[in-house]
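Single-structure report; data block below.
So you know, we letter chains A, B, ... as the sequences are listed, proteins then strands, and number each from 1.
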Amino acid sequence: MFESPYSFENLDVGQNPAWLNWFLSLPLVIQIAVVSILISTCFILYIQYRIWYIRFKNYIYNKRVKYIVPILDDLITEQIVLKSNASQNQFGEPAFNIPNQIRAEFRSRKYRQIIIDRIIKYQADFTGTIGTEMRNLYMELGLDKVSFRKMKSRKWEKKIRGIRELTNMDILIADVNILPLTNNKRQELRSEARNAYIKLSKNEPFKFFDVTTEPLLKWDQIELFKTITTTENIAIPNFARWVTYSNNKSVVAFCMELIVYYKQYDAAPAVVKLLENKDHLLRAQAINCLGKLKYEQAAPQLVHIYSNQPLNCRLEILKALGRMGNKENVTFLKQEFMYSTDFDIRKNAAKSIVRNSNKQQIDLLMESCTPENQLILKHNLNPLIKY
Amino acid sequence: MLQIGQWLINFYESSVFAYGAILLLIYTMLAIFSFISIRKYLRRESCSDYHDLLKSALSPGISVIAPAFNEGLSIIMNVQSLLTLNYPIFEVLLINDGSTDNSMEQLIKVFELEKVDFAYNPKLHAKPIRGIYKSTNPAFSKLTVIDKINGKSKADAVNAGINVASFDYFVCTDVDCILEMDTLLKLIKPVMEESSRRIIAVGATLRTANSCDIDQG
């Protein structure tokens, strides 16, 4: 039978190196302490090495920036800013007159990320012809291929970087590549892909609303909202479509925000149907949406459902009635203001009453209510108090 | 007897060693986990643009609650610093917790404050509020000063602030703390990224600024 020469039975202390013999002769606790000290020392040395490495990397990066950025800036100033039709010169020839040596430097691995970042910065600062020329320069230097390669990387942060570069430069990404990423498990990548899809898709920028199964987080909504509301020439659909058919509650909630922003009054009937939804948060948002749209037709229904609603929905109903500006609702609001025992209900009812009543009516109400309610009314009447 | 004494000494030595070793091991583990977590955080943060929140109509409001007790020497500069925070919808609730110096007089004079009839719901226990002040100058419309009887604790002053707060989210700070301009943007982000987990509180790094020269916060 085979016996390992390293088994404890065969361990011959005399054959070991001197340092190992010394180590083995130490008590166990000291052996553990020595190993711990060695590991800690190695760890500290590694950390110090990392710190120096990062500093060195930054130093090299700054040196490269200092060298290449002025060259690029000069080129952009000469050939794009001062001559805004550079790419329309001649067919078949490079659109930009870049010396071969500089062209090679621009394409070299060590400078290309700096070049990409700089061109993107210019692209964001300029619109119109200069913006288009920046895009042409980016493509002529083959930097779009670099961004596409990043997009196909296995690392999610690299993918994001690639998508962001292509989106900023307005380079079309095929639906087949970007659409699956809108449902990616990694939230950051999902969010970036959705933004890119909205920005770049020319036909149906909101198609991913149909396929998205992951929830739109509040942060995603803020980013999407910014992309949707700032992208030029975007085809805005009627968001009632998703309010009616989407099974994704976060998509429905987000669409209601967009309905309010784009003042889509046609979508109000679809929002009214949400008042029967079982989710009270969605219901509250639907009420809020109807209020901001000033959809007066929904007021009787809001008053009708009021008594069966939880507090958040009740408060939204009171606010909505105030926003709708219908004088007929004031009686209901007064009733809630006078007889409710909940402070928030009285405060919101008072706010809506103040919005829809004249001074005479307010004075009359002030005389007939309790000192606490008078304080609430005064609070809402004071222009110095915003909320 | 001697043997028992020797055994006790050995046992004591081994216990101290084991305690030290376990403690070091725990610290090492914590350091490793922190390192992994910080790396993950930095990777995630490299993809975020906090400034999206600045222009968004969807940003939630935040109340900044800052109690002050006898901070007359620096109160004006610190309140001005709080008012310059980078965030679209916020209010600064300054609680004068029964200061015996001239803090309140300074505030009234510099920020053109006026006592207002302010209705609030005292959900949390706190010492009575003497008055609530708002500025007549639109430049300071975000400022609300709460003048209350001293509650002998910061918690009492914060409770008074929470009772008056207009927004669902609040930041507890001190008047003598200097907040970085993007603090509110960075604090609210984890809350807005909640999906299955519900985030109810977030923290931030605190550093001492002793012996530092600070200009305008």
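For E114(B), the part sitting under 4.5 Å from any heavy atom of chain A is the side chain, from C-beta outward, and nothing else. For chain B, the nearby parts of E223(A) are the backbone and the side chain; heavy atoms of each come within less than 4.5 Å. For a residue to count as touching a neighbouring chain, one of its non-hydrogen atoms must lie under 4.5 Å from one of that chain's; by this rule A33(A) touches chain B with backbone and side chain alike. Within the 4.5 angstrom heavy-atom criterion, only backbone atoms of S46(B) (N, CA, C, O) approach chain A. Contact of N380(A) with chain B is not made at all, since no heavy-atom distance falls under 4.5 Å. For F118(B), the parts lying under 4.5 angstrom from a heavy atom of chain A are both the backbone and the side chain. Heavy-atom distances place the backbone of S135(B), and not its side chain, under 4.5 Å from chain A. Within the 4.5 angstrom heavy-atom criterion, only side-chain atoms of K347(A), from C-beta onward, approach chain B. For a residue to count as touching a neighbouring chain, one of its non-hydrogen atoms must lie under 4.5 Å from one of that chain's; by this rule R346(A) does not touch chain B.
Annotation: the span from E257(A) atom CD to L58(B) atom CG amounts to 4.5 Å, rounded to 0.5 Å. To the nearest 0.5 Å, atoms CG (N121(B)) and CD (E372(A)) are separated by 8.0 Å. Note: T28(B) OG1 to I39(A) CD1 = 9.0 Å, rounded to the nearest 0.5 Å. Note that the CG atom of L384(A) and the OG1 atom of T144(B) stand 10.0 Å from one another [nearest 0.5 Å]. Once rounded to the nearest 0.5 Å, the distance linking NZ of K386(A) with CD1 of I89(B) reads 9.5 Å. Atom CZ of R50(A) and atom CZ of F35(B) lie 6.5 Å apart (nearest 0.5 Å).
Crowding of L206(B) atom CG: a count of heavy atoms from other residues, nucleotides or ligands under 6.0 Å not exceeding 12. Atom NZ of K154(B) sits in a crowded spot, with more than 12 heavy atoms from other residues, nucleotides or ligands closer than 6.0 Å. Atom NZ of K189(B) is surrounded by more than 12 heavy atoms from other residues, nucleotides or ligands within 6.0 Å. At most 12 non-hydrogen atoms from other residues, nucleotides or ligands lie less than 6.0 angstrom from CD1 of I4(B). Other residues, nucleotides and ligands place more than 12 heavy atoms under 6.0 Å from the CG atom of N58(A). No more than 12 heavy atoms of other residues, nucleotides or ligands sit less than 6.0 Å from atom CG of D168(B). Other residues, nucleotides and ligands place no more than 12 heavy atoms under 6.0 Å from the CD atom of Q3(B). Applying the 6.0 Å contact sphere to CG of L42(B) captures more than 12 heavy atoms from other residues, nucleotides or ligands.
Comparing Y261(A), W156(A), F43(A) by how many heavy-atom pairs each has under 4.5 Å with chain B, the most go to W156(A). Interface summary for chain A: among K134(B), R43(B), E193(B), the most heavy-atom pairs under 4.5 angstrom belong to R43(B). The candidate with the highest count of non-hydrogen atom pairs below 4.5 Å against chain A, out of A119(B), S141(B), G61(B), is A119(B).
Ring-centre distance between Y387(A) and F167(B): below the 6.0 Å cut-off.
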Original post:
side-chain contact (heavy atoms from CB on, under 4.5 Å) between M192(B) and I222(A): does it pass, once the steps are laid out?
Top reply: CA-CA 9 Å; M192(B) 305 209 68; I222(A) 282 181; 3.4 Å; yes
